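Quick caveat, the model's predicted, so the values are computed rather than measured.
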Amino acid sequence: MYTLITANRNYSSWSLRPWVLMKALGIPFADRLEPFAKPVNYDEFRAFSPTGQVPVLIDGERTVWDSLGIALYLADRHGGVWPDDAAAKAWAACVVAEMHGGFSALRNDCTMNVGVRVSPKPMRPPLVKDVGRIREIFEEGLDRFGGPWLAGERFSVVDAFYAPVAFRIRTYGLDVGRGQAWVDHILACEPMRQWEAEALIESWREESHEAELAETGAIIEDYRKAPS
């Protein structure tokens, strides 16, 4: 069986991608959580990850790292990772690559924090641009391939890669137009509900992630368990 190593449910957007992909596709794995215990966890994470980062997939003696690397590895071994339709698969490959390598303003200005709702500060122009592009992607996917998922009628890797964005959209109240239909759909699916439930019962807080959150705006609701 695979072992998937991830970090805090509340903070770790990169961890969510392969986790929700494997859950949604029914790919069995042992779930190992290595929390962000301090602002820099590089030395500790190097014990299992060549980059000192998560996520990491262990397959016997083989270590596979990076959310995209893991997705590509799984696609070689399991059906359903990519859409079946050729046009949908080509589109999905492009927008997955776009998410993996871009949207820096969204990452920096809207740090992932599953358990809170924030009244955000006015958006900087780069964030406005990123949110506008996210809206285009969501609406295009739904219009071209018919929904309810981004590349058609079933969940695929493109949904997994944008899953952390769905949490960010809810946390900060971002406007993605008709793409909100996809946001509502993925947030209601069982793997995302499980991830959220596990995030809300985490009692630890990590200082640097909480500081990043404080820079984004004012917390108006906090559903997380009180810190221990």
Contacts satisfying side chain to side chain donor-acceptor pair (under 3.5 Å) that involve residues 87-102 (not counting sequence neighbours) are Asp66-His100, Trp91-Glu140, Glu98-Arg133
Side chains of Arg117 and Tyr172: is there a donor and an acceptor less than 3.5 Å apart? no
I'd like to know if Tyr11 and Leu213 are part of one continuous hydrophobic network [Ile/Leu/Val/Met/Phe/Trp/Tyr, side-chain heavy atoms within less than 4.5 Å]. no
Exercise: identify the closest heavy-atom pair between Cys110 and Leu127: SG-CD2, 3.9 Å
Has Trp14 got more than 12 heavy atoms of other residues, nucleotides or ligands less than 6.0 Å from its CH2? yes
Shortest non-hydrogen pair, Ala163 vs Val20, comes out as CB-CG1, 4.2 Å
Does Ser12 form a side chain to side chain contact (heavy atoms under 4.5 Å, CB included) with Phe36? I'd like the steps, not just the answer. CA-CA 9 Å; Ser12 188; Phe36 297 128; 3.8 Å; yes
Which residue is it: Asp159, Asp84, Asp85? I am looking for the one with a salt bridge (Lys or Arg N to Asp or Glu O under 4.0 Å) to Arg154. Asp84
Side chain to side chain contact (heavy atoms under 4.5 Å, CB included) test vs Leu16 passes for just one of Pro55, Pro164, Pro191, namely Pro164
Between Thr6 and Glu34, is any pair of side-chain heavy atoms under 4.5 Å apart? no
Work out which heavy atom in Gly179 is nearest to a heavy atom in Leu142; give both atom names and the distance. CA-CD1, 4.2 Å
Taking a hydrophobic cluster as the set of Ile, Leu, Val, Met, Phe, Trp and Tyr residues connected by side-chain heavy atoms closer than 4.5 Å, whether directly or through intermediates, do Trp82 and Ile186 fall within one such cluster? yes
Is there a side chain to side chain contact (heavy atoms under 4.5 Å, CB included) between Leu57 and Leu74? Walk through the geometry before answering. CA-CA 10 Å; Leu57 184 73; Leu74 293 172; 4.0 Å; yes
Hey, does Arg62 have a side-chain heavy atom less than 4.5 Å from the side chain of Tyr2? no
Atom pair OG1 (Thr111) and CZ (Arg168), whose distance is rounded to the nearest 0.5 Å: 6.5 Å
Tell me whether Val64 shares a hydrophobic cluster with Val56, the cluster being built from Ile, Leu, Val, Met, Phe, Trp, Tyr side chains joined at under 4.5 Å. no
SB check Arg170 Glu196 (cutoff 4.0 Å): yes
Ring-ring centroid check His185 Phe155, cutoff 6.0 Å: no
Does Val54 belong to the same Ile/Leu/Val/Met/Phe/Trp/Tyr cluster as Phe29, with side-chain heavy atoms less than 4.5 Å apart forming each link? no
Indicate whether the side chain of Tyr223 and that of Glu221 have a donor and an acceptor atom separated by less than 3.5 Å. yes
Just so I know, are the side chains of Ser49 and Ile5 near enough to count as touching, which here means a heavy-atom distance under 4.5 Å? no
Aromatic ring centroids of Phe45 and Phe48 under 6.0 Å? yes
For Leu200 and Arg9, what are the C-alpha separation, side-chain angles and deciding distance, and is it a side chain to side chain contact (heavy atoms under 4.5 Å, CB included)? CA-CA 8 Å; Leu200 296 183; Arg9 302 290 190 248; over 6 Å; no
I'd like to know if the side chain of Ser208 pairs up with that of Glu210 as donor and acceptor (distance under 3.5 Å, no hydrogens or angles considered). no
Summary of salt bridge (Lys or Arg N to Asp or Glu O under 4.0 Å) pairs that have at least one residue in residues 12-27, sequence neighbours excluded: none
Run the side-chain hydrogen bond (donor to acceptor under 3.5 Å, both in side chains) test against Asp109 and tell me which residues pass, sequence neighbours left out. Arg124
If I take atom CD from residue Gln180 and atom CG from residue Leu174, how far apart are they, to the nearest 0.5 angstrom? 9.5 Å
Test log, rule side chain to side chain contact (heavy atoms under 4.5 Å, CB included), inputs Phe161 and Leu21: CA-CA 9 Å; Phe161 265 69; Leu21 178 65; 6.0 Å; no
With a 4.5 Å heavy-atom cut-off, do Phe145 and Leu150 have their side chains touching? no
Within 6.0 angstrom of Lys121 NZ, more than 12 heavy atoms from elsewhere: yes
Checking Asn10 side chain against Gly115 main chain: does a donor-acceptor pair fall under 3.5 Å? yes
Can you tell me how far apart CD1 (Ile134) and CG (Asp175) are? Round to the nearest 0.5 Å. 13.0 Å
Taking all non-hydrogen atoms of both residues into account, name the closest pair between Val165 and Met99 and its distance. CG2-CE, 3.5 Å
Mind checking the CD1-CD spacing from Ile137 to Glu139? Nearest 0.5 Å is all I need. 11.0 Å
Contact check, side chains of Phe138 and Arg178, non-hydrogen atoms, under 4.5 Å: no
Report whether Leu187 and Met112 are members of the same hydrophobic cluster (ILVMFWY, side-chain heavy atoms less than 4.5 Å apart, transitive linking). yes
Taking the side chain as every heavy atom from C-beta outward, state whether Val118 and Ile220 have any pair of such atoms under 4.5 Å apart. no
Can you check whether Asn113 reaches His209 side chain to side chain, under 4.5 Å on heavy atoms? no
So, Trp19 versus Trp195, ring centres under 6.0 angstrom or not? yes
Given the rule in the side chain to side chain donor-acceptor pair (under 3.5 Å) test, do Glu190 and Gln194 qualify, once you have shown the distances and angles that lead to the verdict? CA-CA 6 Å; Glu190 183 55 35; Gln194 180 183 346; over 6 Å; no
Ala166 and Met192 have their tightest heavy-atom pair at CB-CE, 4.5 Å
In terms of heavy-atom contacts, does CD of Glu207 have more than 12 from other residues, nucleotides or ligands at under 6.0 Å? no
Search all heavy atoms of Ile70 against all heavy atoms of Pro18 and return the closest pair with its distance. CG2-CB, 3.8 Å
Flag side-chain contact, heavy atom, 4.5 Å: Arg224 against Ile201: no
